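Here the structure is laid out as structure tokens; the discussion comes afterwards.
Small disclaimer: the values here were computed from a predicted structure and weren't measured. Naming: A, B, ... by sequence-line order, numbering from 1 per chain.
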Amino acid sequence: MSVRVRYAPSPTGDPHVGNIRSALFNWLYARHEGGTFIVRIEDTDQTRYVPGSVEAILEALAWLGLDWDEGPGSETRYGPYVQSERLALYREHADRLLADGRAYLCYCSTERLDALKRARQAKREPGGYDRRCRDPQEAEKARAENPSPVARFKTPLEGTLAVHDAVRGEVAFDLSLLDDFVLLKSDGFPTYHLANVVDDHLMEISHVMRAEEWLPSAPRHRLLYKAFGYEMPQLVHLPLIQGPDRAKLSKRHGAASVLEFRDEGYLPEALLNFLALLGWSLDETSELFTKEELARHFTPERIVASAAVFNREKLDWFNGVYIRKMGDAELADALAPWLEDAERGLPSAVPRPIDRAYLAAIVPLERERLRKLADAPQMLSFFFEERPAYDPALLVPKGMDAPGARAALEAALAAAEETDDWSAPALETAYRALAERLGLRTGQLFGAVRVAVTGRAAAPPLFDTMAVLGKERCAERLRRAVEAV
RNA sequence: GCCCCUAUAGUCUAGCGGCCCAGGACGCCACCCUUUCAAGGUGGAGAUCGCGGGUUCGAAUCCCGCUGGGGGCGCCA
């Protein structure tokens with residue numbers, strides 16, 4: 001039997017990382033098995049629909065390189081892939097259950113349901129619907145209260161039901177604790193439970209891989225499959241992703257949307273690699289995987305059962321690793337839009353577009369210092385600004401006074417002006433000799449020159465930096481430093 | 001409150017009865033490299049394998065209980 005798996009987000013907001021991790025695992029499994037990866041939009045709650053979120057979800061998938069074989073817009077015998085376009089299917093299924101006597105119409109008002117819930121809470125009784133309308137006479141009475149009923153499933157009153165989860169094994173539930181859940185809402189839309197079961201069957205889904213929060217509803221689904229006479233797909237419940245406080249990861253923990261991570265300058269390869277290792281591992285030591293390698297190795301057997309905390313520092317490390325893997329031209333291309341961005345890029349005084357050849361020369365110097373692409377404007381600004389601002393006090397090296405620093409900078413300026421060969425090795429030779437002549441430690445002289453030339457105490461190797469900046473710019477900055485110190 | 005899941009260092013994890021007085025990675029610390037910052041290299045601190053009982057010649061690994069953590073209990077998904 002071929003593997004058909006699906007990612008079934010509801011369009012209620014941005015694509016959350018926890019959610020996308022489910023998409024990733026489904027995608028990996030599909031690709032591992034040469035199966036089919038399906039995207040299905042579960043928009044059965046009209047009230048929570050957020051315009052643009054379908055686009056955002058698909059955008060996130062595309063950014064990560066998770067291509068889908070079937071999804072919104074696909075013309076196949078399984079479509080459509082948007083639940084609001086499949087309403088007739090759910091209604092037919094609900095009708096079947098109604099006709100069979102496996103479901104019934106419930107006319108109870110929301111007021112009554114609320115009151116029931118409150119009363120149960122007050123008495124500390126287990127919650128759930130009291131099945132009033134399961135009695136036809138009661139239903140008839142209630143009918144007056146509510147013109148638009150819901151359809152409820154008749155849950156067995158007792159017994160236990162075991163479902164099999166690939167990660168956790170058999171999980172048993174006590175049926176007496178399950179109430180008669182809603183199948184069809186009063187607006188005619190299906191609930192998640194109905195729509196999910198109907199679609200997974202009709203789309204011939206072989207494995208349902210979803211977050212662990214769904215495990216408690218597995219017995220309901222089991223019951224529905226049985227009632228319809230359908231075979232239930234394999235269940236694979238993925239461990240939850242938690243924030244540092246160990247609660248389910250959400251917006252309150254900061255960036256939660258994949259698109260936000262993209263906008264913070266994370267590389268898709270890095271986020272993907274990091275996410276894959278949240279709840280899955282190959283062996284003792286392997287950490288770095290491309291998407292293809294992940295797909296080659298991914299098996300559900302190696303999914304972990306316990307929840308994982310989303311660890312920013314490790315994500316940052318992965319990002320640095322993937323930045324370092326990039327070639328000069330590749331990184332320059334990736335960086336350019338970040339540097340040119342009107343709001344978060346280089347100061348507006350720096351003309352756009354930026355000089356690509358110049359950027360390409362800078363890249364080798366900054367690559368291993370970058371953690372996120374978004375850091376680039378700040379880190380590289382001194383390469384582009386005419387007059388990088390800095391505190392003149394930084395020009396005075398440890399163990400020296402201002403006049404001494406001034407003398408050293410004057411000498412450095414003179415040496416710069418005299419130099420014909422403006423290459424890193426030549427500059428280094430010249431400045432080492434100069435330090436010796438002045439009786440300074442190289443660290444002292446180089447430190448002062450670094451601040452003069454870059455405006456900061458921490459920068460890439462000095463002579464490579466000077467070589468890239470060019471003689472004119474360096475001389476000008478040294479001149480300014482002499483005056484400033 | 002009830003139900004379910006879960007439990008190896010701060011974090012992600014390896015381990016599926018003896019190879020483990022527990023391996024890898026992030027983070028942290030130190031040293032090396034070095035003109036600063038990174039990157040890289042080397043080393044280190046950090047886990048009584050949540051606790052208590054069993055089973056076994058032998059348990060992180062199997063069983064039971066407890067405790068902690070999480071999730072679910074909607075005409076939301």
Side-chain angles (χ1 to χ4, degrees), chain A residues 8-12 42-45 47-48 106 108-110 113-114 117 120-121 123-129 148-152 165 167-168 171-174 177-179 181-193 195-196 210-219 237 239-240 242 244 246-248 274 277-288 302 304-318 320-321 324 365-371 379 397 428 431-432 435 441-451 454 456-463:
Chain A
S10 42
T12 53
E42 308 216 324
D43 59 342
T44 56
D45 186 347
T47 62
R48 290 210 311 157
C106 168
C108 292
S109 64
T110 48
L113 263 17
D114 286 347
K117 190 174 175 182
R120 294 223 139 132
Q121 267 167 358
K123 282 195 275 180
R124 303 198 155 176
E125 280 175 2
Y129 179 57
S148 39
V150 301
R152 287 186 186 272
D165 174 70
V167 178
R168 287 150 247 274
V171 183
F173 296 87
D174 184 347
L177 267 13
L178 275 186
D179 72 349
F181 57 94
V182 174
L183 298 170
L184 230 40
K185 308 184 232 180
S186 52
D187 63 1
F189 276 64
T191 58
Y192 168 83
H193 305 297
N196 210 254
R210 47 144 65 147
E212 191 190 343
E213 57 191 318
W214 294 110
L215 191 54
S217 52
H237 285 96
L240 250 28
Q242 307 176 320
R246 285 257 166 218
K248 190 166 73 171
F274 171 71
L277 262 16
L278 245 35
W280 179 87
S281 70
L282 177 62
D283 54 29
E284 291 199 1
T285 53
S286 306
E287 290 257 89
L288 264 22
R302 296 205 55 88
V304 168
S306 55
V309 172
F310 189 93
N311 181 197
R312 264 304 174 132
E313 268 108 53
K314 191 146 186 176
L315 206 212
D316 286 351
W317 174 76
F318 270 115
V321 168
R324 274 171 250 135
L365 303 184
E366 294 283 8
R367 175 168 31 223
E368 61 213 24
R369 276 156 257 267
L370 281 167
R371 295 231 111 182
M379 288 184 70
E428 178 160 3
Y431 274 75
R432 282 192 186 280
R441 281 181 285 115
T442 51
Q444 292 176 305
L445 177 65
F446 297 178
V449 174
R450 176 178 302 106
V451 173
T454 69
R456 50 187 81 186
L462 181 58
F463 304 110

Nearest-Å distance once atom C1' is located in both B:C64 and B:A45
37 Å
Between B:A7 and B:A47, how far is it from one C1' atom to the other, in whole Å?
13 Å
For B:A39, take OP1 and OP2 only and decide whether either is under 4.0 Å from a side-chain N or O of A:R367.
no
Taking any strand in view, what nucleotide pairs with B:C66 in a Watson-Crick or G-U wobble way, both distances under 3.5 Å?
B:G50
So if I take every side-chain heavy atom of A:L177 and compare against B:C4, B:C3, B:G24, which nucleotide ends up nearest?
B:C3
Polar pair under 3.5 Å, donor/acceptor by atom type, side chain A:R369, base B:C37
yes
With respect to the side chain of A:R48, which nucleotide from B:U11, B:C4, B:C76 is positioned closest?
B:C76
Between B:C33 and B:A39, how far apart are the two C1' atoms, rounded to whole Å?
11 Å
For a quick test of reading the model: is some side-chain N or O of A:T285 closer than 4.0 Å to OP1 or OP2 of B:A25?
no
Indicate whether OP1 or OP2 belonging to B:A14 is found under 4.0 Å from a side-chain N or O atom of A:S281.
yes
Presence of A:R371 side-chain N/O under 4.0 Å of B:G27 phosphate oxygens OP1/OP2:
yes
Measuring to OP1 and OP2 of B:G69, would you say a side-chain N or O of A:K248 lies under 4.0 angstrom away?
no
